[in-house]
Amino acid sequence: MKEYIEERALAVAGYIIESNATVRQAARQFGISKSTVHKDITERLMQVNPALAKEARKVLDINKSERHIRGGMATKEKYEHEHLLHACQRAVSRI
C-alpha cells in the first residue's frame, strides 16, 4: 500500500474518533468519497493499525445505529418548517 494512502487512513480514523464524525462528514472533510472512507477504515487501516481501526469502527457503528433517528428528526424539522411557512403565508394573505 502506498504511504500517502496509509497516512490518509490514519488521518481519517483520527478525525472520526475525535469528532464522532459520520462517513459523510469525514468524506467531505478530506475531499474523498464515502466508499473510500469506508474502505480506508474497514480494510486499509486494519493492516496499518488494527487498534485504531477498531476504535474508528466503533464510532461508525454507533453512527450507523443512530442514522434512522437523525433521518426522522430531519424529516420532522422539514415539515415543521413547511407548516410554519404556510401559516405565515396565510397570515400575510389575510392582511
Side-chain angles (χ1 to χ4, degrees):
M1 182 179 343
K2 295 186 179 180
E3 188 175 331
Y4 77 93
I5 294 175
E6 290 179 8
E7 291 174 3
R8 182 188 65 212
L10 290 167
V12 169
Y15 175 74
I16 288 172
I17 293 166
E18 289 175 14
S19 61
N20 286 326
T22 63
V23 170
R24 283 178 189 242
Q25 291 168 334
R28 194 174 309 120
Q29 177 72 25
F30 287 88
I32 56 179
S33 70
K34 295 182 301 180
S35 59
T36 300
V37 170
H38 190 266
K39 187 164 186 153
D40 279 354
I41 300 304
T42 59
E43 294 177 23
R44 296 177 179 136
L45 192 59
M46 204 54 131
Q47 297 172 3
V48 178
N49 188 335
L52 188 63
K54 288 178 184 176
E55 274 189 68
R57 186 65 196 198
K58 284 180 190 176
V59 173
L60 294 181
D61 287 343
I62 290 169
N63 286 336
K64 186 176 180 180
S65 71
E66 295 172 347
R67 182 173 55 193
H68 69 285
I69 296 169
R70 286 192 303 273
M73 290 172 59
T75 302
K76 179 181 175 186
E77 288 177 20
K78 172 186 172 185
Y79 286 107
E80 284 178 345
H81 177 74
E82 285 182 12
H83 177 73
L84 290 173
L85 183 64
H86 291 298
C88 289
Q89 288 173 346
R90 284 191 301 266
V92 169
S93 66
R94 290 181 191 154
I95 296 177

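Between Leu60 and Thr42 there is no side-chain heavy-atom pair separated by less than 4.5 Å.
Between Glu6 atom CD and Asp40 atom CG the span is 10.5 Å, to the nearest 0.5 Å. To the nearest 0.5 Å, atom CE of residue Met46 and atom CG of residue Leu52 are 10.5 Å apart. We find the CD1-OG1 distance between Ile41 and Thr36 to be 11.5 Å, quoted to the nearest 0.5 Å. Between atom CZ of residue Arg8 and atom CD of residue Glu3 there is a gap of 13.0 Å, rounded to the nearest 0.5 Å.
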Item to complete: Given side-chain contact (heavy atoms from CB on, under 4.5 Å), test Ile16 with Arg57 step by step and report yes or no.
Response: CA-CA 9 Å; Ile16 288 172; Arg57 186 65 196 198; over 6 Å; no
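For Lys39, the salt bridge (charged side-chain N to carboxylate O under 4.0 Å, His left out) test picks out Glu43, with sequence neighbours left out. Residues satisfying the salt bridge (charged side-chain N to carboxylate O under 4.0 Å, His left out) criterion with Arg28, sequence neighbours excluded, are absent altogether.
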Could you tabulate the donor-acceptor pairs under 3.5 Å formed by side-chain atoms of residues 17-27, not counting sequence neighbours?
{"residue": "Ser19", "atom": "OG", "partner": "Tyr15", "partner atom": "O", "Å": "2.6"}
{"residue": "Thr22", "atom": "OG1", "partner": "Gln25", "partner atom": "N", "Å": "3.1"}
{"residue": "Thr22", "atom": "OG1", "partner": "Gln25", "partner atom": "OE1", "Å": "3.4"}
{"residue": "Gln25", "atom": "OE1", "partner": "Thr22", "partner atom": "N", "Å": "2.8"}

